[in-house]
Amino acid sequence: MNIILLGPPGAGKGTQAHRLVAEQGMIQLSTGDLLRAARSSGSEMGARVAAVMDRGDLVTDEIVIGLIAEQLDKGAAGGFIFDGFPRTLAQADALGELLASKGEVLDAVVEMRVDDDALVERITGRFTCGDCGEGYHDTFKKPAKEGVCDNCGATGSFKRRADDNEESLRTRLLNYYRDTSPLIGYYYAKGLLRRIDGLGEIDEVAARIKTVLNL
Ligand code: AMP
């Protein structure tokens with residue numbers, strides 16, 4: 001099954017994608033993660049996108065479509081979860097073509113709805129373990145022991161994203177409503193859209209996603 005998790009920054013796409021990976025054996029394709037990996041590897045492309053990402057603007061369609069094409073070539077028996085991609089209509093068209101060229105289809109698009117105030121609160125408090133990627137939050141999900149990752153036991157490796165600040169978030173939200181939200185209508189017209197309430201406990205939201213996907 002190939003699905004898209006669609007929603008504004010902070011909607012919980014990455015968190016829920018991790019759950020689906022663990023429980024359903026799907027593969028998460030996050031263009032944000034792929035771009036951050038390119039940056040930390042010191043590649044020329046990574047250096048080119050750094051300032052754009054820190055500002056909260058969108059990287060060019062050409063770059064992100066190229067990254068996705070590369071990953072699709074590797075295949076995934078359990079299917080793909082697209083997280084943070086597509087973000088523009090051109091990316092959505094390209095994804096349709098890439099999947100079709102491999103004899104694959106998109107099965108569903110889950111729109112995670114969360115109001116803006118909650119997004120700001122979620123994003124400005126979040127951090128992750130630099131070793132295993134487990135996500136945390138200053139208010140909603142603190143590690144059991146301060147400074148130690150519950151999941152892998154790493155110490156002192158928590159990190160915060162450079163673009164998780166209020167100014168960059170404002171730009172990311174504007175870009176979401178301007179460039180990405182038209183995808184809601186696009187996938188609705190294709191009969192693929194499944195809407196869920198993204199507010200609530202992680203487990204509750206995960207259960208809603210499973211319900212709309214018939215999992
Ligand atoms: P994310 O981790 O999904 O919040 O993405 C972090 C940043 O990476 C975004 O603010 C953009 O600068 C860039 N980015 C990630 N995915 C895309 C995409 N599909 N199209 C354009 N830019 C992207």
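We use all heavy atoms of the structure for the numbers below, so side chains are in, but hydrogens, waters and symmetry mates are not. Note that ligands are numbered from 1 as they come in the structure, with each ligand's atoms numbered from 1 the same way.
Put simply, the side chain of R172 gets close to the backbone of D163: a donor and an acceptor are under 3.5 Å apart. At least one donor-acceptor pair under 3.5 Å links the side chain of Q16 to the backbone N or O of I202.
When non-hydrogen atoms are compared, ligand 1 lies under 4.0 Å from the side chain of V64 (C-beta onward) but not from its backbone.
Set against the non-hydrogen atoms of Q91, the atoms of ligand 1 under 4.0 Å away are 18 (C), 19 (N), 20 (N), 21 (C). Within ligand 1, the atoms closer than 4.0 Å to a non-hydrogen atom of R36 are 2 (O), 6 (C), numbered from 1 in the order shown.
Of all heavy-atom pairs between F127 and P143, the closest is CZ-CD, 3.9 Å. Looking at every heavy atom in both residues, V21 comes nearest to I27 through CG2-C, 4.4 Å. For V114 against P8, the heavy-atom pair with the smallest separation is O-CG, 4.4 Å.
Screening residues 86-107 for salt bridge (Lys or Arg N to Asp or Glu O under 4.0 Å), with sequence neighbours left out, gives D73-K102.
Inspection of the N175 and R178 side chains reveals an N or O donor paired with an N or O acceptor under 3.5 Å.
On a distance-only criterion, G84 and ligand 1 share at least one N/O pair closer than 3.5 Å. The distance criterion of under 3.5 Å between nitrogen or oxygen atoms is not met by D33 with respect to ligand 1. Among the atoms of D57, some N or O lies under 3.5 angstrom from an N or O of ligand 1.
Ligand 1 lies within reach of R161, whose nearest heavy atom is under 4.0 Å from it.
In terms of protein heavy-atom proximity, atom 13 (C) of ligand 1 is closest to L35 CD1, 3.6 Å. Atom 16 (N) of ligand 1 has as its closest protein heavy atom T31 OG1, 2.8 Å.
Nearest residue to atom 1 (P) of ligand 1 from R172, R87, M53 is R87 (criterion: closest heavy atom). Residue nearest to atom 22 (N) of ligand 1, selected from V59, L67, D54: V59 (by heavy-atom distance).
No more than 12 heavy-atom neighbours from other residues, nucleotides or ligands sit within 6.0 angstrom of NZ on K210.
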